[in-house]
S.K.: 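Sharing a structure, written as structure tokens. Questions coming.
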Protein chains: 2
Amino acid sequence: MSDGAPGRRRRPPTQIDLARRAGVSQATVSQVINETPDRPARLSPETRARVLDAVRELGYRVNPAARSLKGARNRLLGLFTFEAVFPTDQRDFYFPFLLGVEEEVAEQGYDLVLFSSAGASGPRRIYVDGVNRLKLTDGAVLLGRHVRRTELSELVKEDFPFVFIGRREVPGARVSYVAPDYVSATRDLVRRLVELGHRRILFVKAYQGAEPTRDRERGYRRGLKDSGLGVEAAIVHRLPSSGVVTAPDLGAWVRDGVTAIVADPSEDDSVAASIEAAAAETGLSVPDDLSVALLGDPSRTETTRDWTRFDLPRPELGRQAVRLLIQLLEADEGEARQVLLDCTQIPGGTVAEPGRGRRR
Amino acid sequence: MSDGAPGRRRRPPTQIDLARRAGVSQATVSQVINETPDRPARLSPETRARVLDAVRELGYRVNPAARSLKGARNRLLGLFTFEAVFPTDQRDFYFPFLLGVEEEVAEQGYDLVLFSSAGASGPRRIYVDGVNRLKLTDGAVLLGRHVRRTELSELVKEDFPFVFIGRREVPGARVSYVAPDYVSATRDLVRRLVELGHRRILFVKAYQGAEPTRDRERGYRRGLKDSGLGVEAAIVHRLPSSGVVTAPDLGAWVRDGVTAIVADPSEDDSVAASIEAAAAETGLSVPDDLSVALLGDPSRTETTRDWTRFDLPRPELGRQAVRLLIQLLEADEGEARQVLLDCTQIPGGTVAEPGRGRRR
DNA sequence: CTGAAAGCGCTTACAG
DNA sequence: CTGAAAGCGCTTACAG
């Protein structure tokens with residue numbers, strides 16, 4: 001590496017170096033450096049010139065660490081996910097969120113810190129040795145299925161500004177979130193089924209469901225009620241922990257008069273695939289013998305069917321989460337806030353009027 | 001929002017606050033905070049416990065600005081791209097790099113700062129108001145086609161640790177990079193063409209090419225030489241600034257006896273598409289009348305052909321860049337280093353032995 | 001118009 | 001085992 005200007009050290013020049021060279025005080029150097037049109041320094045032109053010469057000669061750069069030490073915010077937002085985002089099987093699911101977050105963060109003039117080291121070994125956690133790692137940033141967007149509620153409570157307790165993507169609740173605290181409006185989306189789907197003529201509509205859900213599942217179940221009941229069937233018409237089947245629908249399941253339901261299924265997505269989105277397999281095994285045709293709708297988009301499923309479903313506005317959820325976070329930051333002493341975003345109904349090809357199979 | 005612990009202020013707690021609370025000195029707090037398994041603090045368990053309690057109670061975070069002012073590392077690596085990464089047409093190109101970078105960063109126990117605000121308005125730049133924005137991090141991985149050489153020089157001049165993905169040079173300074181081995185990949189491709197019987201192989205390159213183009217051209221000549229044709233056999237065509245191959249171009253080349261083309265990727269990867277279109281227009285069949293190989297993977301092309309080409313190990317380039325960067329960080333007094341990675345030859349379907357078209 | 005001084009939050013020898 | 005002190009590079013009142 002050529003060392004053009006002699007005397008240049010590995011250590012980058014500081015304002016003190018400039019001051020020495022220009023024969024002024026360090027404070028004066030700072031004046032010159034920080035001069036802006038709207039906040040001009042009161043300096044003689046000669047002094048300014050001497051300093052600027054020194055800047056040029058020594059190749060001076062302000063040290064941002066030192067500068068921000070004097071300030072407060074550092075225009076850094078964090079993104080923390082409770083699950084690893086980058087393994088192949090997760091990418092399709094998480095990338096759209098990441099995309100929206102990243103775009104909005106950039107547009108707002110912030111930079112994004114991806115907290116991925118969290119998962120280097122062991123489970124991903126926000127608090128390591130009792131230290132909130134996110135605090136490096138002004139605030140953070142959180143994401144993930146397997147939330148650690150205790151960490152969320154901690155975050156609320158210490159007033160760290162954050163927004164969750166997805167509705168999350170913790171006891172005794174209000175969490176800010178931006179979430180898909182699952183209640184409305186499910187309600188609309190169920191109403192459509194009823195309009196098509198379905199009367200026995202089964203809600204199939206995974207073994208244990210968090211807030212999103214509860215919201216979808218609420219939407220299901222609301223759909224039944226709104227379309228005049230009444231909540232008594234609700235039939236809910238909770239899958240075993242395997243989260244898989246079997247051929248006997250399907251047979252029993254159909255014999256029981258069920259003509260349509262709305263399926264809550266399981267952990268790994270395997271419900272759709274298992275229904276598809278079970279139908280094939282039973283010789284049942286979807287949608288001729290049985291209509292099936294998915295309560296969400298099966299981003300992780302290996303399936304060839306064009307499922308009737310609704311899609312989450314993933315990138316938009318990411319963007320809105322960032323916007324909300326920045327609002328919180330600017331409000332400074334903010335109440336938690338919640339935002340719901342509409343899902344997009346996808347007609348698909350797995351829903352039809354009931355009884356079509358019998359007429360064949 | 002509940003205000004659990006009374007007396008909590010908006011101002012984030014500092015080590016002084018912790019010290020006060022724990023009844024120790026601020027220096028002792030720092031000891032506890034900075035303790036690691038390999039560099040344990042010499043402290044009584046009680047002191048440590050009191051400090052950690054205070055940390056938890058006050059929700060303490062170390063201020064990264066202050067920490068890095070002292071020259072200590074903050075386990076933050078940066079990723080800066082000279083072009084926006086997230087617009088749709090760029091995603092396929094940049095995501096694989098990002099993926100590799102992110103994965104390796106996480107594995108090494110660092111967090112990643114995406115410097116995307118850089119492009120909020122106007123061109124993306126490292127230095128804003130004379131401040132190196134990357135300085136927040138311990139070091140950075142850089143990426144992009146339209147490099148600002150002056151910024152690169154600046155970075156070198158101030159000894160900021162960085163690794164470029166792709167070979168980049170700046171006058172009078174050595175840049176660390178991890179790059180595809182374009183010379184070898186192109187040489188091998190050309191050798192294969194010669195082995196198939198091609199004697200007049202045209203190198204088509206974009207109007208202006210940077211280091212990668214020069215490397216590929218070098219590989220081209222080396223391939224000719226290595227396979228006995230000699231560098232005199234080189235025929236190079238530089239495209240106009242449009243970067244498009246026209247039907248007349250193609251006709252003229254074929255009449256001139258050219259049987260194979262190796263095409264350097266243009267800015268937007270449009271070369272492949274334009275060759276495809278020109279061939280269709282001329283009625284020439286690829287590969288029967290003309291063999292065409294791409295010097296890289298046309299990630300941004302709308303094309304249906306299975307091009308003969310080589311693929312860049314993009315995620316691996318990202319990973320290796322991070323590794324190299326960390327090496328640089330650990331070496332501390334590092335010479336710039338360079339790493340070349342092999343590309344993968346993709347046989348594809350656009351290359352065949354010459355003259356097949358005439359035999360039809 | 002310019003400089004001396006305090007202080008931002010932290011780490012690190014160095015004493016004790 | 002713990003603390004007093006210096007200093008990282010800078011900004012910002014405050015004197016003069």
Side-chain angles (χ1 to χ4, degrees), chain A residues 9-36 38-52 54-55 58-74 131 135-136, chain B residues 9-36 38-52 54-55 58-76 129-133 135-136 138 158-160:
Chain A
R9 281 297 75 102
R10 294 201 45 71
R11 179 180 66 76
T14 70
Q15 291 188 354
I16 300 236
D17 298 327
L18 297 193
R20 206 131 45 199
R21 181 145 192 142
V24 298
S25 79
Q26 179 259 317
T28 299
V29 171
S30 181
Q31 298 291 335
V32 176
I33 300 297
N34 290 301
E35 199 173 22
T36 64
D38 27 293
R39 229 158 52 56
R42 318 161 110 266
L43 296 160
S44 73
E46 303 82 58
T47 304
R48 179 179 297 108
R50 283 219 307 286
V51 171
L52 289 178
V55 164
L58 298 185
Y60 171 77
R61 298 296 167 193
V62 177
N63 179 329
R67 178 174 267 179
S68 84
L69 192 52
K70 296 295 290 186
R73 299 276 162 76
N74 54 19
V131 176
K135 273 207 159 175
L136 178 96
Chain B
R9 280 297 75 100
R10 295 207 44 69
R11 178 179 65 75
T14 69
Q15 290 188 353
I16 300 238
D17 298 328
L18 296 194
R20 205 128 47 197
R21 181 142 190 147
V24 299
S25 78
Q26 178 260 316
T28 300
V29 171
S30 181
Q31 299 291 334
V32 176
I33 300 297
N34 291 302
E35 198 172 24
T36 64
D38 28 291
R39 230 158 50 59
R42 318 162 110 266
L43 296 160
S44 73
E46 304 82 57
T47 303
R48 179 179 296 111
R50 284 221 305 285
V51 171
L52 289 177
V55 164
L58 299 184
Y60 171 78
R61 59 155 156 176
V62 332
N63 178 326
R67 176 173 270 179
S68 77
L69 227 204
K70 291 299 290 185
R73 298 277 159 77
N74 56 18
R75 295 199 82 77
L76 234 40
D129 295 334
V131 177
N132 171 4
R133 307 171 53 243
K135 266 203 170 173
L136 178 90
D138 294 345
E158 62 168 306
D159 269 336
F160 183 81

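If you're wondering where the values come from, they're calculated on a predicted model, not measured in any experiment. Each chain gets a letter, A, B and so on, in the order its sequence line appears, and its residues count up from 1.
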S.K.: Can you tell me how far CD of Gln15(B) sits from CG of Leu58(B), rounded to the nearest 0.5 angstrom?
M.R.: 12.0 Å
S.K.: List every contact pair, protein side and nucleotides 2-4 of chain C side both N or O, where the distance is under 3.5 Å.
M.R.:
unit_1, atom_1, unit_2, atom_2, d
dT2(C), OP1, Ser44(A), OG, 2.9
dT2(C), OP1, Thr47(A), OG1, 2.4
dT2(C), OP2, Ser44(A), N, 2.7
dT2(C), OP2, Ser44(A), OG, 3.3
dT2(C), OP2, Thr47(A), OG1, 3.1
dG3(C), OP2, Ser25(A), N, 3.0
dG3(C), OP2, Ser25(A), OG, 3.4
dG3(C), OP2, Thr28(A), OG1, 2.7

S.K.: Quickly work out the Leu18(B) CG to dT11(C) C1' distance and round it to whole Å.
M.R.: 15 Å
S.K.: When rounded to the nearest 0.5 angstrom, what is the spacing between CG in Leu18(A) and OG in Ser25(A)?
M.R.: 11.5 Å
S.K.: Could you report the tightest heavy-atom contact between Gly23(A) and Arg50(A), atom names first, then the distance?
M.R.: O-NH2, 3.9 Å
S.K.: With the side chain counted from C-beta on, respond yes when Asp17(A) and Arg20(A) share a heavy-atom pair under 4.5 Å apart, and no when they do not.
M.R.: yes
S.K.: Please confirm whether the shortest side-chain N or O distance from Ser30(A) to OP1 or OP2 of dT11(D) is below 4.0 Å.
M.R.: yes
S.K.: In dot-bracket, 5' to 3', how would DNA chain C read with Watson-Crick or G-U wobble pairs under 3.5 Å, [ ] for crossing ones and | for pairs to another strand?
M.R.: |||.||||||||.|||
S.K.: Check side-chain hydrogen bond (donor to acceptor under 3.5 Å, both in side chains) between Gln31(B) and all other residues, then give those that pass, not counting sequence neighbours.
M.R.: none
